[in-house]
Colleague: 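Take a look at the following structure, please.
The figures here come from the full heavy-atom set of this structure, side chains too, leaving out hydrogens, waters and symmetry mates.
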Amino acid sequence: MPLYNKAPYVREAVESVVKQTYQNWELVIVDDGSTDGGGEIVRATEDPRIHVIRQENAGVSTARNRGVAESSAPYICLLDADDWWEPTFLEEMAGLTERHPDAGIYGTGYWIVKNGRKQPAPIGVEEGFSEGETNYCQVYARTLCMPLTSISVCIPRHIFEEFEGFPKGIKLGEDFLLWVHIALRYNVVLLNKPLSNYNQDADIKYRGTHHLHAPEHHMLWHLDDLEPLEKTHPDYKQLIDNLRTYTLQNYLLDNRFRNAARLELAKVDWNRQPISVRRLYQFPIWMLKIRSGFLKIGAYVKQNLRLLGI
């Protein structure tokens, strides 16, 4: 568990581990230079299976990698400090690894928690799918809702070490970069049952997904080693193109990143994109800015109506 300034939430995250029905675990918390008292909260937890390591702030990838290095179990699960697990998460994961011993990565469904309500994440598996091997790229491309997340996976230690853990310096999508590299070489096994909670009610200042990250810190600009697969692996190509067209509109609207976004969009196979997406990217920049403004106003109004219970 990486911890950086998430004091309002970390106690619930830790308690969700302590309350697991499967009790043969160790929890390594890496306090990544927190300044809000979160480190003191976890250090006060009295459980010999919980180990807290303090380091200077070095980013989430470095914190996670150090946590794994300081642990000893043959399987690794991850949990962010503002999210939490359902009580049977580890028990279900242990069963999944026993039934499918040869997978490179395991995942479960998860709840999206927003405005105090929980709904299962629409991860794109086919109707009726309950458990088994799955095509990660194909599933992810369907809804662009992550089928593997940093709070809902289990990775064999030897696989994690083979890929040298999470890439350093990436602030958005460092987990995706690891998942996709594993998925392209090993089987991915999913349990279609929500067993962790992705807390979108966390204060925006504690989250890293609501502002633009410079290309050097964003996953889409760190896929050069996989670029040859865009010609030979149609499922991977579809996923990456869908992520490009979904993500890069906002980068086009920002003068700082417009050229970088255009270079990435030039790689898209537009013939495999929906007509609505093709038309959207044919709009001039000024029209895209107007559209973006209306969408932000609509989202703001919708959010406040929910808060008022309307």
Colleague: Holding to ring-ring contact (aromatic ring centres under 6.0 Å, His included), I want the full list of residues that pass it with W111, two or more places apart in sequence or in another chain.
Modeller: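 By the ring-ring contact (aromatic ring centres under 6.0 Å, His included) rule, W111 matches no residue at all.
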Colleague: So, using side-chain hydrogen bond (donor to acceptor under 3.5 Å, both in side chains) as the criterion, who are the partners of D102 when residues are at least two apart?
Modeller: none
Colleague: Which residues pass the salt bridge (Lys or Arg N to Asp or Glu O under 4.0 Å) test with E264, sequence neighbours left out?
Modeller: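 E264 satisfies salt bridge (Lys or Arg N to Asp or Glu O under 4.0 Å) with R244, K267 only.
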Colleague: Counting only heavy atoms not in E126 (residues, nucleotides, ligands), do more than 12 fall under 6.0 Å from its CD?
Modeller: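 12 or below, so no.
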Colleague: Can you sort out the partners of Y186 under ring-ring contact (aromatic ring centres under 6.0 Å, His included), two or more places apart, ordered by chain and number?
Modeller: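 Expected list: none.
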Colleague: Tell me whether the rings of W85 and F89 are parallel (<30°), tilted (30 to 60°) or perpendicular (>60°).
Modeller: parallel
Colleague: I'd like to know if R11 pairs up with E15 as an ion pair, taking the criterion as any Lys NZ or Arg NE/NH1/NH2 lying under 4.0 Å from an Asp or Glu carboxylate oxygen.
Modeller: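 No.
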Colleague: So which residues get pulled into V28's cluster when ILVMFWY side chains under 4.5 Å apart are joined, directly or through others?
Modeller: V30, I53
Colleague: Can you list the residues that meet the salt bridge (Lys or Arg N to Asp or Glu O under 4.0 Å) rule with E164, with sequence neighbours excluded?
Modeller: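 Applying salt bridge (Lys or Arg N to Asp or Glu O under 4.0 Å) to E164 gives none.
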Colleague: With ring pair (Phe, Tyr, Trp, His ring centres under 6.0 Å) as the rule and sequence neighbours excluded, what pairs involving residues 239-270 come up?
Modeller: H218-Y251, W221-Y251, Y251-F257, W270-Y281
Colleague: Who are the ring-ring contact (aromatic ring centres under 6.0 Å, His included) partners of W25, not counting sequence neighbours?
Modeller: none
Colleague: For R262, check side-chain hydrogen bond (donor to acceptor under 3.5 Å, both in side chains) against everything at least two apart and list the hits.
Modeller: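 By the side-chain hydrogen bond (donor to acceptor under 3.5 Å, both in side chains) rule, R262 matches no residue at all.
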Colleague: Return the set of residues passing salt bridge (Lys or Arg N to Asp or Glu O under 4.0 Å) with R256 (not counting sequence neighbours), or none when no residue passes.
Modeller: D254
Colleague: Report the residues that fulfil ring-ring contact (aromatic ring centres under 6.0 Å, His included) with Y22, sequence neighbours left out, ordered by chain and then residue number.
Modeller: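 None.
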Colleague: Which Ile, Leu, Val, Met, Phe, Trp or Tyr residues join L263 in one cluster when any pair of side-chain heavy atoms under 4.5 Å counts as a link?
Modeller: none
